[in-house]
Amino acid sequence: MSFSFDKEQRLRHRETISDLSAKGSPLFKFPIKAYCLPGGAPVSRYAVAVPKKNFKRAIKRNLLKRRIREAIRLNQAECLDGFAGDYLFVYIAKDVCEYAAIEAAVREILTKSRPQ
RNA sequence: CAGGUGAGGCGCCCUAUCGGGGAGCUGGAUGCUCUCAGGAAAGUCCGGGCAGCACAGGGCGGCACGCUGUGGAAAUCACAGAUGGGCGUAAGCUUAUGCGACUUGCGUAACAGAAAAUGACCGGCCCUCAGGGGCCAAGGGUGAAAACGCGGGGUAAGAGCCCACGGGCAUAUAUGGCGACAUAUAUGCAGUACGCGGCCGUGCGCUGCAAGGCCAAAUAUACCGGCACAUAAGGGUUGCCCGCCCUUUGCCGGGGGGUAGGCUGCAUCAGAUAAAUGAUAGGGGAGCGCUCCGGCGCUUACAGAACCCGGCUUACAGUCUCACCUUUUUU
RNA sequence: GGUGAGGUGGGUGAGUGGCUGAAACCACCAGUUUGCUAAACUGACGUACUCGAUUAGGGUACCGGGGGUUCGAAUCCCCCCCUCACCG
């Protein structure tokens with residue numbers, strides 16, 4: 001089981017991301033809202049966003065993005081079990097949450113996104 | 001010892017597990033080695049480099065700045081100093097500064113007050129035909145500000161009207177200083193404060209890396225070539241006819257500009273581009289509080305590069321170094 | 001990343017050195033009208049602290065926040081905070 005998180009797994013390009021937020025199926029678990037769309041690439045790809053409106057200082061946005069990315073990295077193999085899709089994670093809460101809360105939310109979203 | 005003033009510095013460390021960006025080793029993958037955030041990276045308040053556009057040269061206009069010296073590419077920069085004002089017992093901090101001012105640019109000075117700059121309400125004095133006419137600016141009162149201060153002479157009463165002392169401004173000379181300026185002497189001047197679009201000096205062309213350069217899907221298409229359809233319409237070729245050529249329709253191929261997008265700009269031991277520099281756990285250090293002196297609890301800041309430099313400003317747990325001041329006590 | 005504009009009662013928004021705590025419109029509140037309502041008309045209307053036994057009435061401060069200039073600042077200057085627009 002690998003815990004790696006390559007450059008290939010980063011979702012980029014404005015068009016793919018706006019597609020994802022428009023067509024992707026929304027999943028919600030406080031403090032994170034996510035959009036998911038299956039297919040697109042052989043590996044799962046992720047984008048993480050923290051709105052500037054809620055956190056004015058760049059260091060807090062960076063901290064939250066790092067925590068979310070870390071939670072994805074450690075749990076993607078276990079929760080997805082071979083499934084691959086494109087994801088957009090958006091941090092909704094107005095305060096900085098601890099890593100444990102973020103990890104729980106990420107686990108639940110990843111598990112729910114996999115087709116049964 | 002306590003409190004304070006000024007200048008400068010540091011701004012957590014180690015281990016384990018799992019990861020990330022860049023460079024190199026190789027033609028490629030795996031792998032290995034090296035390296036990876038700040039003093040403010042922030043605000044974008046100034047100044048440059050750099051890039052594009054404009055530009056013979058000069059002027060007007062506009063904007064910014066305005067005491068002196070040194071440094072500096074330059075700056076609303078730094079250091080040292082000058083003069084005036086404000087705060088503080090003090091160390092010290094802070095703010096202002098060209099000319100127009102020895103009579104002469106312009107404007108403003110609300111309310112109050114007679115008057116806010118050709119001063120006269122109350123008042124003082126002189127004359128009087130008793131209605132008034134004239135002289136004065138000391139005292140009162142208003143105001144943020146009231147016509148140099150004070151003493152003497154002088155006068156009808158008074159007044160820089162005159163004189164002494166003191167204060168202000170200008171000029172000249174001397175001395176000290178690189179200089180701003182200070183001190184002294186002489187002469188002269190006199191209705192205040194503030195501001196300005198006036199004058200003088202210095203600097204500035206404009207826009208900013210989303211600048212600029214390169215590559216370049218899809219769709220439409222300038223232009224070029226070929227084919228098909230049609231012999232229809234329009235135009236040209238001599239006025240007319242025939243003939244010939246071009247255009248109007250469709251398809252195929254080439255093709256320029258240019259959009260999405262990408263690369264570059266962008267590195268000198270950071271060099272990303274939905275953006276790395278980390279996450280979790282344990283231990284240690286430092287500080288504070290409680291303490292049954294075994295320990296326990298809390299805190300460990302402000303904050304994250306995006307073309308690069310020089311400054312300024314703002315945020316910052318704690319801690320260190322040096323110099324100085326004040327109070328009290330002791331010698 | 002860069003460039004520019006703005007912040008004044010509950011809302012919109014004038015005022016650009018002096019009787020402006022602040023015009024005007026809307027909203028809110030009270031009254032007139034009506035069987036009741038709407039519309040119309042009339043009046044009143046900021047917040048905090050404070051003086052006043054209370055009612056009435058008065059004082060001080062506040063124009064995003066903090067300094068400065070000035071006799072006097074919403075207005076002029078400096079620094080922060082916030083909002084909006086533009087540049088591919």
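Because the structure is predicted, anything quoted here is derived from the model rather than measured. The chains referred to below are lettered A, B, ... by the order of the sequence lines, with proteins before strands, and numbering in each begins at 1.
Against the 90° criterion about 0, the sugar-base torsion of B:G160 places it in the syn range. Base orientation at B:G31 is anti, since its O4'-C1' glycosidic dihedral falls outside 90° of 0. C:G72 has its base anti relative to the sugar, with a glycosidic angle deviating from 0 by more than 90°. Classified by its glycosidic torsion, B:U70 falls in the anti category, the angle being over 90° from 0.
The nearest whole Å value for the distance from the CZ atom in A:R61 to the P atom in B:A41 is 19 Å. Counting to the nearest Å, the P atom of B:G278 and the CD1 atom of A:I102 are 17 Å from each other. Atoms CD1 (A:I68) and P (B:G20) sit 19 Å apart, rounded to a whole Å. A:R45 has its CZ atom 12 Å from the P atom of B:A275, to the nearest Å. The CG-P distance, from A:L74 to B:G278, rounds to 16 Å in whole Å. Distance CZ (A:R73) to P (B:A279): 12 Å, rounded to an integer number of Å. In this structure, NZ of A:K65 is placed 14 Å from C1' of B:G278, rounded to the nearest angstrom. Here the P atom of nucleotide B:C18 and the CG atom of A:N75 are 16 Å apart, to the nearest Å.
Partners of A:E70 under the side chain to side chain contact (heavy atoms under 4.5 Å, CB included) rule, at least two apart in sequence or in another chain, are A:R73, A:L74, A:Y99. Taking A:I59 as the reference, A:R57 meet the side chain to side chain contact (heavy atoms under 4.5 Å, CB included) condition, with sequence neighbours excluded. Every residue two or more places apart in sequence or in another chain that forms a salt bridge (charged side-chain N to carboxylate O under 4.0 Å, His left out) with A:R107 is listed here: A:E78. Residues forming a side-chain hydrogen bond (donor to acceptor under 3.5 Å, both in side chains) with A:Y87 (at least two apart in sequence, or on another chain): A:S113.
Between A:V48 and A:Y99, the residue whose closest nucleotide on RNA chain B is further toward the 5' end is A:V48.
Contact annotation for A:R69: backbone-only contact, meaning every heavy-atom pair under 4.0 Å involves sugar-phosphate atoms and none involves a base.
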Considering only distance and modelled atom types, tabulate donor-acceptor pairs under 3.5 Å from the side chains of residues 60-68 of chain A, sequence neighbours left out.
from  : atom 1 : to    : atom 2 : distance (Å)
A:R61 : NH1    : A:F55 : O      : 2.9
A:R61 : NH1    : A:K56 : O      : 3.2
A:R67 : NH1    : A:C97 : O      : 2.8

Show the distances under 3.5 angstrom between N or O atoms of the protein and N or O atoms of nucleotides 301-304 of chain B.
from   : atom 1 : to    : atom 2 : distance (Å)
B:G304 : OP2    : A:A58 : N      : 3.3
B:G304 : OP2    : A:I59 : N      : 3.2

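Residues A:E103 and A:A71 share a closest heavy-atom pair of CA-CB, 3.9 Å.
Comparing the P positions of B:A41 and B:A306 gives a spacing of 10 Å, expressed to the nearest Å.
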